[in-house]
2 protein chains.
Amino acid sequence: MDSFNLKAKQKRTAGQKHGDLRIVLLREGLSLLDSQGVEGVTIRAVARNAGVAHSAPANHFPSKRVMLTAIAAKIFAELADLTIEAVTDLADKPEQAIQAFAETCFQFAFDPPNRYQLLWQRQLIDQDDPALATEMDRVYSALLSLLRQDQVKHRVDIETDAIAIWSMIHGYISMRLDGNFVAAKDAVTNLPRHKAILLSLIDGIYYRDS
Amino acid sequence: MDSFNLKAKQKRTAGQKHGDLRIVLLREGLSLLDSQGVEGVTIRAVARNAGVAHSAPANHFPSKRVMLTAIAAKIFAELADLTIEAVTDLADKPEQAIQAFAETCFQFAFDPPNRYQLLWQRQLIDQDDPALATEMDRVYSALLSLLRQDQVKHRVDIETDAIAIWSMIHGYISMRLDGNFVAAKDAVTNLPRHKAILLSLIDGIYYRDS
DNA sequence: GTGTTAAAATGGACAGTGTCAGTTTAAGGA
DNA sequence: TCCTTAAACTGACACTGTCCATTTTAACAC
């Protein structure tokens with residue numbers, strides 16, 4: 001009933017009913033993504049769940065594409081935070097760092113299973129969006145700097161190694177999310193398959209020419 | 001004007017105006033996929049291009065999903081033919097065979113760029129469709145039998161190696177098609193990057209423990 | 001030839017979508 | 001107190017996939 005409420009009021013610009021509809025819309029969009037998949041995230045459904053008119057989101061997102069891009073940026077930011085944290089303090093153990101990086105991506109992609117897929121749907125989001133690109137670069141840079149820090153003589157370009165690692169991680173996740181692979185253990189190593197597939201690649205990178 | 005025409009007529013069932021609208025629809029659908037991407041493939045657009053009413057396709061495909069699945073099966077069949085042909089006569093040269101298999105996938109995915117993507121859109125097609133699954137298995141089996149034929153002692157399960165190879169191929173293609181990677185040459189080997197990324201993996205598979 | 005029949009093609013309708021236009025509401029500054 | 005302006009509203013539009021009743025069409029039995 002005093003300065004606190006006053007401040008809150010002062011932050012609201014003219015015409016606003018919610019404190020900040022944009023934040024509410026992003027939250028409801030993410031909720032719909034988790035519960036119904038990306039096709040459940042319609043402008044009108046988001047507006048319904050937020051309790052506003054079907055055209056209210058247009059004031060905050062000029063198109064559905066922009067709204068989905070904003071949701072994807074949030075998801076990317078979370079992935080970037082997790083991967084960067086996972087490889088911290090593993091700079092001198094590149095093989096472990098690669099495994100930790102990959103493991104983080106796997107867990108992130110499989111746990112709430114609809115989020116990861118949105119990140120790569122070019123028809124739905126604008127991958128040139130600056131906010132999105134920044135977060136995407138943070139993930140890729142984490143992997144790249146991890147390879148730069150170690151002392152191994154790379155037979156191919158460091159960027160090629162990074163692309164190889166990322167391609168395998170992303171490819172395996174994509175196939176799993178599409179339902180083409182199932183979670184399984186490798187028959188020889190008894191490791192979960194997502195760990196086992198990295199073995200050959202890491203061997204190829206770190207033990208070649210030896 | 002004789003038995004040949006008669007046979008053609010006898011094949012047509014009652015009510016048909018086109019010789020076989022189903023085939024025409026699949027052709028127009030593929031054409032729209034190539035020219036406008038998967039979002040251009042609407043039932044009504046396919047019907048328009050085929051010169052029939054918007055509801056005519058319903059007689060041949062009970063839903064859009066089924067129609068897209070049929071298109072995807074055609075695409076998969078072509079990929080299967082190409083990959084199987086590519087590894088023929090390379091049974092005793094597994095490394096070359098992997099490269100040939102991968103190269104075929106790359107070319108197929110990049111040349112008309114919209115076809116490959118449809119194959120993995122679970123929201124759009126039914127990957128449990130028998131016709132589709134059969135063609136999908138032909139591709140995977142080509143890779144799997146290629147690994148089974150050679151005499152290398154695998155440190156991991158053969159299926160794990162197959163999944164690793166396929167994950168990398170599929171992951172790289174996906175990222176390229178999404179616009180996240182660009183065609184480039186590896187700075188060290190001077191190979192196209194899509195060839196270079198396979199090097200580490202093949203090294204890891206065929207030269208480990210040596 | 002003449003009906004009969006059943007598949008195929010038709011036009012119309014429906015709910016849902018993204019987007020746009022015009023209108024109303026409400027907060028903050030003059 | 002009035003005015004400005006951003007936000008939210010109602011309503012409409014074209015488009016989509018899907019369903020419906022109807023009509024057309026070609027093969028078959030007689």
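FYI, side chains are in, hydrogens and waters are out, and symmetry mates aren't considered; it's all heavy atoms of this structure. Every chain is numbered from 1, with letters handed out A, B, ... down the list of sequences. Here the structure is a predicted model, which is why all the values come from computation and not from measurement.
- Atom NE2 of H54(A) and atom P of dT19(C) are 12 Å apart (whole Å).
- A donor-acceptor pair is defined here as one N or O able to donate and one able to accept, closer than 3.5 Å; no such pair exists between the side chain of D157(A) and the backbone of D186(B).
- Side chains of I165(A) and L147(A) form a contact here, defined as non-hydrogen atoms less than 4.5 Å apart.
- Within 3.5 Å, no donor on the side chain of R44(A) pairs with an acceptor on the base of dG16(C), nor the reverse.
- In this structure, F61(B) places its CZ atom 13 Å from P of dT18(D), rounding to the nearest Å.
- No hydrogens or angles were tested; on distance alone, nothing pairs the side chain of N59(B) with the base of dA7(C) as donor and acceptor under 3.5 Å.
- Between Y116(A) and H170(A), the ring planes lie tilted relative to each other; the angle falls in the 30° to 60° range.
- Taken to the nearest 0.5 Å, the CZ atom of R115(B) stands 4.0 Å off from the CG atom of D34(B).
- Rounding to whole angstrom units, CZ of residue R48(B) and P of dT10(C) are separated by 14 Å.
- L25(A) has its CG atom 8 Å from the P atom of dA8(D), to the nearest Å.
- Among the heavy atoms of the strands lying under 4.0 Å from S55(B) is at least one base atom, whether or not backbone atoms are also near.
- Among the protein residues, A53(A) comes within range of the nucleic acid bases, having at least one heavy atom under 4.0 Å from a base atom.
- Taking atom CD of Q36(A) as the reference point, atom P of dT17(C) lies 10 Å away to the nearest angstrom.
- Residue L21(B) has its side chain nearest to dA9(C) when only dA9(C), dG17(D), dT17(C) are considered.
- Checking dG18(C), dG17(D), dA9(C) against every side-chain atom of H60(B), the shortest atom distance belongs to dA9(C).
- Rounding to whole angstrom units, CD of residue E39(A) and C1' of dT16(D) are separated by 15 Å.
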